[in-house]
There are 2 protein chains.
Amino acid sequence: MGRELTAKGRATRTRIVEGAAAVLRDKGVAVATLDDVMARTRTSKSQLFHYFPSGKDELLLAVAQFEADQVLEDQQPHLGRLDSWESWWAWRDVVVARYEEQGDQCPLGSLFLQVGRSTPGARAIVVELMRRWQESLAIGIRSLQAAGLVPAGLDVDRRAAALLAGIQGGVSILLATGESAHLRAALDQGIHDLGGPAVATG
Amino acid sequence: MGRELTAKGRATRTRIVEGAAAVLRDKGVAVATLDDVMARTRTSKSQLFHYFPSGKDELLLAVAQFEADQVLEDQQPHLGRLDSWESWWAWRDVVVARYEEQGDQCPLGSLFLQVGRSTPGARAIVVELMRRWQESLAIGIRSLQAAGLVPAGLDVDRRAAALLAGIQGGVSILLATGESAHLRAALDQGIHDLGGPAVATG
DNA sequence: CTTGGAATGGACTATTCGGTCCAGTCTAAG
DNA sequence: CTTAGACTGGACCGAATAGTCCATTCCAAG
């Protein structure tokens, strides 16, 4: 299936994906229509189906991949350098700020509802995202261990998994209630329980 | 707004809500239609609009309330008696079992997508559910404190909030990936960090 | 220049589905 | 028994929207 995309075509395709992502964030996946995407990206329906032959679901999946990549990127460079307490707290601040700013739109979560969670493609995207995220956390914890900042006997993988779960849940609750208290609690408590210094709760 | 419901009417209304909940679980909120609900509950369209005059959203909201009540009920009586380590672990088992069984359908989460998270009614339901859930956890932790099983200086509310976040995230990840490892990790780690005995990881 | 295929425009279709309406039935109170 | 109003059946409607089709334009290679 050799793709035949000229430079112009690639640009248009990118414009569609990014514009669609913006539309989905603005209006919500449930009510966003292809016409919205067309208006936003100044494209015609034939273009949409030219670049995404299987239709809306294929486009949504592309947007999901785009958003998933964004998630980890937004946490850099902190997420990649979790080798001191300072960097852990800096990372925490970035995560809180990012999701507080995002407000009550969860592009990724919503997308899978529409596409169907069991779609192989959709599941693969989220599995891969979680895997990479947790791996970064685990590497960070091991860095602390190497520096003698946390006990060597710590169950790193379980810590990382629990922390990731706390973040996900914190974000879910933020989306549903508008309050970021749980996200903060999960991050603060999770980092605290690694054995680090007490954080000044603010 | 005095409701005028006879016994027969109340029965029908209940039948609709429960049937709709079943339909939503089976087919997913995104694709479930009023016709599905009609077929399942052996009702006519006029009945649906008789009991839910503002239409589908009102019905979905009623189902959301129904499901929300179910969530805490399914954790009883354990959730109400978290006064020993045994009861905490028993509760954990129930939570894991419940959500593993539920598979990849999240009636509540999906519902708010459709209705719109910002709808006052929808937000109120989820806020109240989280509040009650977290309060039960906090009471449980305080019971352990009273029994001298965990340090008195523990920040109970932050612990409870973080644990709740971990559960929510664990469930989210379970829904998205089909794996309950994160839910287990969040629960085991969260209970472990209260200061209790090490759990045999299985 | 020409030419084949990519890229684009936009009208048209098919269908689904929430919601309306009215006619008809049941039921509890007087 | 009467009757008001709750309850039910089901035909009908209109809007929304994913997807199709074909004509036209653009562009790079030969």
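The figures that follow rest on heavy atoms only: side chains count, while hydrogens, waters and symmetry mates do not. We name chains A, B, ... by the order of the sequence lines, and we start the count at 1 in each one.
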Quickly work out the [X] [atom1] to [N] [atom2] distance and round it to whole Å.
X	N	atom1	atom2	result
B:Leu59	C:dC17	CG	P	15 Å
A:Arg42	C:dA7	CZ	P	18 Å
B:Phe52	C:dG18	CZ	C1'	15 Å
A:Asp35	C:dG10	CG	C1'	12 Å

Interatomic distance, A:Glu58 atom CD to A:Phe49 atom CZ [nearest 0.5 angstrom]: 10.0 Å
Please identify each residue that fulfils side chain to side chain donor-acceptor pair (under 3.5 Å) with [X], with sequence neighbours left out.
X	value
B:Arg10	none
B:Arg123	none
A:Glu179	none
B:Gln70	none

Quick one, give me the B/S/- string for nucleotides 19-30 of chain C, reading 5' to 3', where B means a protein heavy atom under 4.0 Å from the base and S means that only happens at the primed atoms, P, OP1 or OP2. BBB----SS---
Determine: side-chain N/O of A:Tyr51 to OP1/OP2 of C:dA6, distance under 4.0 Å, yes or no. no
In terms of heavy-atom contacts, does CZ of A:Arg131 have more than 12 from other residues, nucleotides or ligands at under 6.0 Å?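 Enclosed.
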Hey, what bend do you get for the helix from C:dC1-D:dG30 to C:dG30-D:dC1 if you fit axes on five pairs at each end, rounded to 10°? 10°
Within [range] or reaching into it, pairs that qualify as salt bridge (charged side-chain N to carboxylate O under 4.0 Å, His left out) - sequence neighbours excluded:
range	answer
residues 72-90 of chain A	A:Asp74-A:Arg98
residues 162-175 of chain B	none
residues 136-146 of chain B	B:Arg142-B:Asp157

Of all residues at least two apart in sequence or in a different chain, which pass the salt bridge (Lys or Arg N to Asp or Glu O under 4.0 Å) check with A:Asp26?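 For A:Asp26 the salt bridge (Lys or Arg N to Asp or Glu O under 4.0 Å) partners, ignoring immediate neighbours, are A:Arg40.
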What is the 5' to 3' range of DNA chain D, first to last nucleotide, that sits under 4.0 Å from any heavy atom of chain A?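 Extent of the interface on DNA chain D: D:dT17 to D:dC27.
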Check residues 59-68 of chain B and write down every donor-acceptor pair under 3.5 Å in which the side-chain atom is one partner and the other belongs to a residue at least two apart or another chain.
{"from": "B:Gln65", "atom 1": "NE2", "to": "B:Asp69", "atom 2": "OD1", "distance (Å)": "3.2"}
{"from": "B:Glu67", "atom 1": "OE1", "to": "B:Arg25", "atom 2": "NH2", "distance (Å)": "2.9"}
{"from": "B:Glu67", "atom 1": "OE2", "to": "B:Arg25", "atom 2": "NE", "distance (Å)": "3.1"}

